[in-house]
Number of protein chains: 2
Amino acid sequence: MSGSSIDEAANFVVIGFKSGKYPETMIKRAKGVTISQVADAAGVARSSVSRAFTRPDMLSPETVDRIMKVAETLGYVPNHTARALSTGRHGNIGLIVPDIANPFFPPLIQAGQLEADRSDFCIFLGNTEENPKQEDKLVGRFAGQVEGIVLVSSRLSDERIRAHAAQLPLVLINRDVDGIPRVLIDSSSGVRQAVEHLAELGHRKIVYVSGPANSWSNKQRRTAIRSAASGLKVDIETVPAVLASYTSGRNAVSAILATGATAAVAFDDLTAQGVLAGLAEKKVSVPRDFSLIGCDDVLGAVTYPALTSVSNRSVEAGRVAVSLLIEMLQSNGIRDARYVLQTHLVMRETTMALGYRAP
Amino acid sequence: MSGSSIDEAANFVVIGFKSGKYPETMIKRAKGVTISQVADAAGVARSSVSRAFTRPDMLSPETVDRIMKVAETLGYVPNHTARALSTGRHGNIGLIVPDIANPFFPPLIQAGQLEADRSDFCIFLGNTEENPKQEDKLVGRFAGQVEGIVLVSSRLSDERIRAHAAQLPLVLINRDVDGIPRVLIDSSSGVRQAVEHLAELGHRKIVYVSGPANSWSNKQRRTAIRSAASGLKVDIETVPAVLASYTSGRNAVSAILATGATAAVAFDDLTAQGVLAGLAEKKVSVPRDFSLIGCDDVLGAVTYPALTSVSNRSVEAGRVAVSLLIEMLQSNGIRDARYVLQTHLVMRETTMALGYRAP
DNA sequence: CTGTTAGCGCATTCAC
DNA sequence: GTGAATGCGCTAACAG
C-alpha cells in the first residue's frame, strides 16, 4: 500500500486482497471507439456519423439507421469532452453548497439534480465547508467544465460573486446581490406566522434562540420576529446559540428559562432539537410547560415530539435555480431575476395554549 | 417566461424582474483567454505557455515567471476541456448514490469530496432515486467525462456492474461483486453488540424491525441479529416495516408490542424514530418500559431521547472508496480490493436494564 | 441529403 | 531551454 492514504483508515479489516492485474478479459477496456471508425465501418463521412447523433433530421432515415446500427455493434459512444471542446457546451452545471452534511441542503441538491436531468445536464457538486477560499477555488476549478453555476448560501463577498458572474452564468440561492439572478427563501413570512401562532396561544414572552451571527438567514429571522412581535403585545428576548447546532441549543436552555419566557423560536431545527433535549433534562415538558418552534423543517416530521417548524422551500429553491440557470444558458440571455419563495408555519406537536399550564 | 418550468413553481413572488440584457459591462464575459494570446503577449511559443503551467521545471525560471505574470494580467485560466481532450485525463470522478436525501449518504459524499479534493479531482454527483435504469443512464452519461466512478449501494445487477467496470475504473460501496474493488460496511459487528448489550440488560425477547426486503444491509442485519441471539438465550421476532422510514416504524408499533418483547432493534434510525413516536403515543416510556436501538447513527445524537444506535462508518467508506479509485487511476492498475469496515454500538439513552421496570 | 475542410485549446513529440 | 508541427474527437460551415 506504500503509505497511501488508505492506510490511515484505522479500524478496517481487509478480508481479501489480490494485488496485480485482472485477467485479460477484464483489463481490456474499450479504449474509445471514435467517430472515424464508425464512419469507415458504415461507409460514410465522419460528419454523417456526427449528424446521426446530433441532428438525425438532417439525414435520410436509412442512413441514420445504418450508422446507428454500426455504432451499436462497435460500441461507439460520443466523446463528451471532444464535443464540448468543439461546441463550447458540455452540458454540465455546477452546484456549490456550504455543507452537504447539513440536512437543509440534500433536498435542495436532489431537486436541482432532478431538474438538471430533465434537460440532460450533469451536475458537478462542490462542498465549501463554509470556507470562502474553498468556494473561490471550486468556482475556478469548475469554470472550465461547466456552463454555469448555482451558488447556494454563498459565503463569498459581493465583489467576488460579481467577478465570477462576469466569467460565467451564475444563479444565487439565499444571497441577494443586485444584478445577479437569485432565488431567496423568505423565512420571515413563516417566522411571522410562528410568532402570531404563539401569541394566539397566549404566550407573552418569547425567546429567539439565534444562529450564526454572519448568516443572512439568521439576520432575516431575527428581524422578522422582532417586527412581528411589536404589533402583538409580546416581548422578545434573544439568546445566542453561537453555532447552529444541537449542543449549542442544549446549552442555551438555562439562559432561555432565565428569561421567564414560555415559548421559544429557534434559528433552525437542529438548535430546536438541542433546546428540546435541554428542556427535558430540566424536567420542563414540551409542549405542556413550554412551547417550541424550529426553522427549516428538516427534522420535524421524524422526531418525537414532532417539531412545529417553519417550512424551508429548499426543494423549490433548488429546482427554480437550476431551471433558471438552464434557461439562461439556452436562451443565452441574462436576466435580473429575483425570486422570493414564501414560507409558512408547519404546525405539529411542540406548541400548546398557555392556559393549559397550571396557572 | 414562455411557459417555462419556472412558471410551475407555485407560490412564489417575483419582486423584481427586468427582462432583456445586462448593461455592457456585465454582459461582457471573458470569452476564454487562450494559450495563444498569452504566448503572443509574452513573446513566446504556445508550447512554452503550456509548459509553464504543466512542467515549469522544463523552462527557465525567468520565462516561467514572465509567462505567469502575463497570464495573470490577461486572466488566462487553462481550459480543462481542451486539456482533457489532449491528455485523456480530466481529473473528474463520478459519485453515484441512490438517494441524497437519505441522511446516511451526505456524510459519505462529503468525505469523498474532501478526499477527491486532496488530489485535485472534481466530483460529478449522481442521484438514482433508487432506480436501476436511472443508475445505468447516469453511468453512461458520466462515462465520457470522468476517469472513474464510485457506485454507492448500487441497485444494478452484478452483470451490469461488471459491464460498466469493463468500460472504466469502478469502486463499489456496500455491494459485494467479486473482482470489482469494493468497500463494505459490516453492520453485523455492531448489531451483534447491540444484541449482547440488550441481553446483558436482562432482555429476553427482542424484536427486529426490519427494513426493505431487497436491501443488502437489511439481510446482513437480520442475519447478524439471529446469529447473535442464538448463543444468548434470547428470542428474536421479526416485524416487517415495509419501507425504511419513520411512518412504517410508527405503524409497526402495535405488532412490536403484541410480541411481548421488551426491546427492539430497528433497521435504521429513521425507523427507530418512528417506533419511538409510536411507543410514546401508546404511553410506553423509553427506555424505562422499553429499550430501543437504531442503526446507522444518523439521528441519534440530535434527537431526544438520544438514540442508542450502531455506528455507520459512512465517512470512512466514502474516503476510502475515493482514495482507492484515485490510486487506481494514478497507478493505472486495477486491484481486487475488498475493504470491510467494522461497526460498533454507540450507547446513548434509549436502553435500560430490564430490572428497572416495575416487576 | 451528404462529403470536405477547418478549427475548438491544449499537450506533446520532435527539431533546433 | 525553446519553437514548430501534429493530433486528441468532434462539430460546423461550406460546397456539391
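Labels below follow one simple rule: chain letters A, B, ... track the order of the sequence lines, proteins then strands, and each chain is numbered from 1.
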Show the distances under 3.5 angstrom between N or O atoms of the protein and N or O atoms of nucleotides 12-16 of chain C.
residue : atom : partner : partner atom : Å
C:dT13  : O4   : B:Arg51 : NH2          : 3.2

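- One finds a salt bridge joining A:Glu115 and A:Arg118 here, because a Lys/Arg side-chain nitrogen approaches an Asp/Glu carboxylate oxygen to under 4.0 Å.
- Protein atom CD1 of A:Ile35 is 13 Å distant from nucleotide atom C1' of D:dC8, rounded to whole Å.
- Nucleotide C:dT2 holds its C1' atom 13 Å from the CD atom of A:Glu62, rounded to whole Å.
- Ionic pairing of A:Asp178 and A:Arg338 is not present here: no N-O contact between side-chain nitrogen and carboxylate oxygen is shorter than 4.0 angstrom.
- Side chains of B:Lys137 and A:Asp117 form a contact here, defined as non-hydrogen atoms less than 4.5 Å apart.
- For C:dA11, the OP1/OP2 oxygens have a side-chain nitrogen or oxygen of B:Arg83 closer than 4.0 Å.
- Using a 4.0 Å heavy-atom criterion, one finds that B:Leu59 contacts the sugar-phosphate atoms exclusively.
- Regarding B:Ile67, its CD1 atom lies at a distance of 14 Å from the C1' atom of C:dA11, rounded to whole Å.
- The side chain of A:Thr63 contributes no N or O atom lying less than 4.0 Å from OP1 or OP2 of C:dC1.
- One finds a salt bridge joining B:Arg175 and B:Asp158 here, because a Lys/Arg side-chain nitrogen approaches an Asp/Glu carboxylate oxygen to under 4.0 Å.
- Here the side chains of B:Glu147 and B:Leu325 are not in contact, with every heavy-atom distance at 4.5 Å or above.
- We find that CZ of B:Arg66 is positioned 11 Å from C1' of D:dT2, with the value rounded to whole Å.
- Spacing between atom NE2 of B:His90 and atom C1' of D:dC8 amounts to 12 Å, rounded to whole angstrom units.
- In the helix from C:dC1-D:dG16 to C:dC16-D:dG1, the rotation axis of the first five pairs and that of the last five pairs differ in direction by 30°, rounded to 10 degrees.
- Interface residues of residues 70-81 of chain B facing DNA chain C, ordered by number: B:Tyr76, B:Pro78, B:Asn79; criterion, heavy-atom separation under 4.0 Å.
- Between B:Arg141 and B:Asp136, none of the side-chain N atoms (NZ, or NE/NH1/NH2) sits under 4.0 Å from a carboxylate O, so this pair counts as no salt bridge.
- Of the residues in residues 36-44 of chain B, not one comes within less than 4.0 Å of DNA chain C through any heavy atom.
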Exercise answer: donor-acceptor pairs, residues 70-79 of chain B side-chain atoms, under 3.5 Å, sequence neighbours excluded:
residue : atom : partner : partner atom : Å
B:Thr73 : OG1  : B:Val70 : O            : 2.9
B:Asn79 : OD1  : B:Thr81 : N            : 2.7
B:Asn79 : OD1  : B:Ala82 : N            : 2.9

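- A pairwise comparison of heavy atoms in A:His164 and A:Val139 identifies CD2-CG1, 3.4 Å as the closest pair.
- With sequence neighbours left out, A:Phe142 forms a ring-ring contact (aromatic ring centres under 6.0 Å, His included) with A:Phe124.
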